[in-house]
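Since the structure comes first, as structure tokens, the remarks are kept for the end.
Note that these values count all heavy atoms, side chains included, but never hydrogens, waters or copies made by symmetry. As the structure is a computational prediction, the values presented were derived from the model and not from experiment.
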Amino acid sequence: MTTTVRWILNIHPDKCQGHNRCRAIVPELVEIDDYGNAKAKGDGLVPEALLEKARLAVKNCPEHAVRLTQQS
Ligand code: F3S
């Protein structure tokens, strides 16, 4: 039996300071609210094709606000 791993993108609302690098890297998964802070679109589910870009967004947030978590 194979287990499908689902990756979820989370952006911590208190840590985000609106640098917007995450949005620039992976606009497919990130939206900006009225205050200029980022949040994950929808349920944050990361399609396989966007996983590398999502990882890049995690590495490039200077506030360490972007996280990828696994759900199985
Ligand atoms: Fe916020 Fe970091 Fe993105 S500070 S806008 S989560 S790059």
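Glu28 contributes atom CD, which lies 5.0 Å from atom CG of Leu50 (distance to the nearest 0.5 angstrom). Between the CG atom of Leu29 and the NZ atom of Lys39 there is a distance of 14.0 Å, given to the nearest 0.5 Å.
Here the closest non-hydrogen pair linking Gln17 and Asn37 is C-OD1, 3.8 Å. Nearest heavy atoms, Ala38 versus Cys16: N-SG, 3.4 Å. Trp7 approaches Val5 most closely through the heavy-atom pair NE1-CG1, 4.0 Å. The two residues Ala40 and Glu31 come nearest to each other via the heavy atoms O-OE2, 4.3 Å.
Panel note: side chain Asp33, backbone Gly36; a donor-acceptor pair is recorded below 3.5 Å. Checking side-chain atoms of Arg6 against main-chain N and O of Gln71 turns up no donor-acceptor pair under 3.5 Å.
Looking at Ile8 and Leu45, their side chains come closer than 4.5 Å, going by heavy atoms from C-beta outward. Between Cys22 and Val58 there is no side-chain heavy-atom pair separated by less than 4.5 Å. Taking 4.5 Å as the limit, every side-chain heavy atom of Val66 sits out of range of all side-chain heavy atoms of Asn10. Put simply, the side chain of Cys61 does not reach to within 4.5 Å of the side chain of Arg21, judged on heavy atoms. Residues Arg67 and Lys15 have side chains in contact (heavy-atom distance under 4.5 Å, counting atoms from C-beta outward). Here the side chains of Leu9 and Leu68 are in contact, with some heavy-atom distance below 4.5 Å.
When each of Glu52, Lys41, Lys53 is tested with Val26 by the rule side chain to side chain contact (heavy atoms under 4.5 Å, CB included), just one qualifies, namely Lys53.
More than 12 heavy atoms of other residues, nucleotides or ligands sit less than 6.0 Å from atom CD of Gln70.
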